[in-house]
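Numbers restart at 1 for each chain; the letters A, B, ... are given by sequence-line order, proteins then strands. Side chains are part of it too, since the values below use all heavy atoms of this structure and drop only hydrogens, waters and symmetry mates.
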Amino acid sequence: MREVQPVIKGVRGAPDILPAEVGRWRQIEVGARRVLENYGYQEIRTPMFERTELFVRGIGEGTDIVDKQMYTFEDRGHESLTLRPEGTAPVVRAYLEHGLVTKGSLCKVYYIGPMFRHERPQAGRFRQFHQIGAEALGVEDAALDAEVLDLLSHLFDTLEVAGWQLHLNSIGCETCRPVFRERFALSMLGKKAGLCPDCLVRLERNPLRILDCKVEGCRALAAQAPTPLESLCGECEAHFRKLQGLLQLLKIDYSINQHLVRGLDYYTRTTFEFVNPALGAQNAFAGGGRYDLLVTEMGGPPTPGIGFAIGMERLLLSLPPERPGEAWAGVFAVTMGEEAFHLGLRLVQELRRQGLRAALDMERRSVKSQMRLAHKERYRHALILGDDELRAGMATVKDMAHGGQEQVPLPEVVERLTRGEDQAQQKEA
RNA sequence: GUGAGCGUAGCUCAACGGUUAGAGCACUGGACUGUGGCUCCAGGGGUUGAGGGUUCGAAUCCCUCCGUUCACCCCA
């Protein structure tokens, strides 16, 4: 009557990233860091959790994220904490807390790391997912918006993202957005009968979201309603027009998408998404916008800002297939018998200290098996130590890529192999 | 939170309600008693997601639960 111990499984929506996939993650991290730093951004690392209040204030009550997607818990001091669902609010918090910027200067930071939202997983959507994000604080000019979009388009070209598209919109500022919101809601109120049930709820809670409903009837009705762009105030319109001019100057293709309404409250003026139509329902792999009111909202001095986040899982899905396997490198010692094994251990230790990848079999397998292992693990050289070699004070060094082998006196083995590896690497490069 | 599809070996998948649930890949060993890749041979691996029901008989049909995938919603 033994209780069967259940295997403890991972948490739903929080997938493992296995060794075979890590190379691609590193590839985009390295590429992103390089581009971001070339554009003047510095890395910042904020904690994975914050006081719940930070996100409620920053993202906004009534948004889906705050209302039903946050991982919130009480810590032992009875303080409500939340696993970060996004990166902007924490960065702004840190910015204010440490006075990261002196008045009038531009502060550019980026982050890479996991975010947490309690949603039902589906293609391109997870409960723990990873973002590469950046925030630029302190400049209101549309030139900064253009630079951000240039950065992203350059990054996606560098990473060879296939067929990406930039969607652009402006949702106005504190003066024109409420006006538009009012006009739009009023217009939809008159057409209530034609709206889907979801949109009836949206009409109450956040009418602008009707704009990106996918139901045909709602789309048609929204098309007749006032559009955000024709409702912009003079300053917002000028900002948007300037941005478009700069994008043309920088030769960045975009299309205006007036249905682009983002789900976080803090956005003002410019909003954008980078879309890959091949991705399925969750086809936006990067998104962001301007948030000129957020810093004051969080108790800081009036400070304009703009930021974006790239969904790494979705970016990964947009990348070309991985290139052929890694080059052969390192040394695998093939030993026969105890004495040879001990010699192998010492040589492997020394090779590792010299900075080489090196290993040997610890299960006393047959020579054939050890050779198979060396081949499977892509070692560049096999260092064969058998009775014949020990008797002669030599080792057999076999080139696994080309098949040739030679005898090397034991005292010279390490030097010979380190040199051989250098040459092999130079040849590959 | 709602809906639909799918759960069979480590992976990808077979098996009209009817013998002992199979194949490819992977893994281990051998052919080659000290040499990888190619080939051939052999071997280990399964409570068919779990529980219940129908039936002489269930991987197969029904119910419940769990997991997973996709979609809605929302967003990266």
(request) Would you classify A:G124 as touching base, sugar-phosphate or nothing, given that sugar-phosphate means primed atoms plus P, OP1 and OP2, and contacts are heavy atoms under 4.0 Å? (result) base
(request) Return the value, rounded to whole Å, for the distance between atom CZ of A:R365 and atom C1' of B:C27. (result) 10 Å
(message) Does the structure show A:F129 stacking with B:A76, if we require the centres to be closer than 5.5 Å and the planes to be within less than 30 degrees of parallel?
(response) yes
(request) Kindly indicate whether the side chain of A:R314 and the base of B:C75 share any N or O donor-acceptor pair separated by less than 3.5 Å? (result) yes
(message) For A:F184 and A:F180, take the angle between the two ring planes, folded into 0 to 90°, and tell me which bin it lands in: parallel under 30, tilted 30 to 60, perpendicular over 60.
(response) tilted
(request) Could you work out the separation of B:A58 and B:G53 based on their P atoms and round it to a whole Å? (result) 12 Å
(message) Between B:C73 and B:G45, how many Å separate the two C1' atoms, rounded to a whole number?
(response) 44 Å
(request) Indicate, with a heavy-atom threshold strictly under 4.0 Å, whether A:T63 touches base, sugar-phosphate, or nothing. (result) nothing
(request) Scan side-chain atoms only and decide if A:E74 and A:S80 contain a donor-acceptor pair under the 3.5 Å cut-off. (result) no
(message) Does A:R269 qualify as a cation-pi partner of A:F240, given the criterion of NZ or CZ under 6.0 Å from the six-membered ring centre and within 45 degrees of its axis?
(response) no
(request) Measure distances between side-chain N and O atoms of A:R125 and base N and O atoms of B:C74, and say whether any donor-acceptor pair falls under 3.5 Å. (result) yes
(request) In whole angstrom, give me the gap between the P atoms of B:C41 and B:C56. (result) 45 Å
(request) Describe the nucleic acid contact of A:E273 in one word from base, sugar-phosphate, nothing, applying a heavy-atom distance below 4.0 Å. (result) nothing
(message) Output the rounded distance in Å from NZ (A:K376) to C1' (B:G36).
(response) 12 Å
(request) Pick the C1' atom in B:G36 and in B:C32, then give their distance to the nearest Å. (result) 13 Å
(message) Between B:G52 and B:C66, how many Å separate the two C1' atoms, rounded to a whole number?
(response) 14 Å
(message) Regarding B:C27, can its base be found pairing with the side chain of A:R372 as donor and acceptor, where the two atoms are less than 3.5 Å apart?
(response) no
(message) Looking at A:E389 and B:G34, is any side-chain donor or acceptor paired with a base atom of the opposite kind under 3.5 Å?
(response) yes
(request) For nucleotides B:C70 and B:C13, find the distance between their P atoms and express it as a whole number of Å. (result) 14 Å
(request) Could you check how far CE of A:M70 sits from P of B:C74, rounded to whole Å? (result) 18 Å
(message) I'd like to know if A:E147 pairs up with A:K108 as an ion pair, taking the criterion as any Lys NZ or Arg NE/NH1/NH2 lying under 4.0 Å from an Asp or Glu carboxylate oxygen.
(response) yes
(message) Closer than 3.5 angstrom, by distance alone: can the side chain of A:R352 be matched with the main-chain N or O of A:A358 as a donor-acceptor pair?
(response) yes
(message) Quick check: A:H375 with A:W328 (ring centres under 6.0 Å apart)?
(response) yes
(request) Classify the side chain of A:K398 and the base of B:G36 as holding, or not holding, a donor-acceptor pair under 3.5 Å. (result) yes
(message) Are A:F285 and A:F156, when compared by the centres of their aromatic rings, separated by less than 6.0 Å?
(response) yes
(message) Rounding to an integer number of Å, can you tell me how far A:L373 CG sits from B:G34 P?
(response) 17 Å
(message) Between B:C73 and A:Q122, counting only base atoms on the nucleotide and side-chain atoms on the residue, is there a donor-acceptor pair under 3.5 Å?
(response) yes
(message) Looking at the base of B:U35, is there any donor atom on it, or on the side chain of A:Q370, that sits under 3.5 Å from an acceptor on the other one?
(response) no
(request) Write down the distance between CD (A:E119) and P (B:U2), rounded to a whole number of angstrom. (result) 16 Å
(request) For A:G386, report the nucleic acid contact type (base, sugar-phosphate, nothing); a contact means any heavy atom under 4.0 Å. (result) base
(request) Would you indicate whether A:Q407, at its atom CD, is surrounded by more than 12 heavy atoms from other residues, nucleotides or ligands within a distance under 6.0 Å? (result) yes
(request) Mind checking which stems touch RNA chain B? I mean at least 3 consecutive Watson-Crick or G-U pairs, both distances under 3.5 Å. (result) B:1-7 with B:66-72, B:10-13 with B:22-25, B:27-31 with B:39-43, B:49-53 with B:61-65
(request) Figure out the CG/P separation between A:D361 and B:U28, and round it to whole Å. (result) 11 Å
(request) Would you please confirm or rule out a distance under 4.0 Å between OP1 or OP2 of B:G34 and any side-chain N or O of A:S366? (result) no
(message) In whole Å, I'd like the distance from the NZ atom of A:K9 to the P atom of B:G67.
(response) 8 Å
(request) Assign each of A:A401 and A:F285 to its nearest nucleotide of RNA chain B by heavy atoms, then name whichever residue's nucleotide is nearer the 5' end. (result) A:A401
(message) Quick check: any donor-acceptor pair below 3.5 Å linking the side-chain of A:R120 to the base of B:U2?
(response) yes
(request) Mind checking A:R12 for me? I need base, sugar-phosphate or nothing, with any heavy atom below 4.0 Å counting as a touch. (result) base
(request) Measure the distance from NE2 on A:H375 to P on B:C27 and round it to the nearest whole Å. (result) 11 Å
(request) Quick one: label A:F308 by what it contacts on the DNA or RNA (base, sugar-phosphate, nothing), any heavy atom closer than 4.0 Å. (result) nothing
(message) Side chain of A:T396, heavy atoms from C-beta onward: which of B:G36, B:G34, B:A76 has the nearest atom to it?
(response) B:G34
(request) Could you tell me whether a side-chain N or O of A:Q27 sits under 3.5 Å from a main-chain N or O of A:V30, the two making a donor and an acceptor? (result) no
(message) From C-beta outward on A:M371, which listed nucleotide comes closest to its side chain: B:G34, B:U35, B:C72?
(response) B:U35
(message) Say we look at B:U48 and B:A21: how far apart would their P atoms be, to the nearest angstrom?
(response) 10 Å
(request) Return the 5'-most residue of the pair A:G403, A:A284 with respect to RNA chain B, ranking by each residue's nearest nucleotide. (result) A:G403
(message) With a 4.0 Å cutoff (strictly under), does any side-chain N or O of A:K368 reach OP1 or OP2 of B:G36?
(response) yes
(message) If I pick the C1' atom on B:C65 and the same atom on B:A76, what distance separates them, to the nearest angstrom?
(response) 33 Å
(request) Give the intermediate values and the outcome of side chain to side chain contact (heavy atoms under 4.5 Å, CB included) for residues A:T268 and A:E174. (result) CA-CA 8 Å; A:T268 53; A:E174 75 266 40; 5.8 Å; no
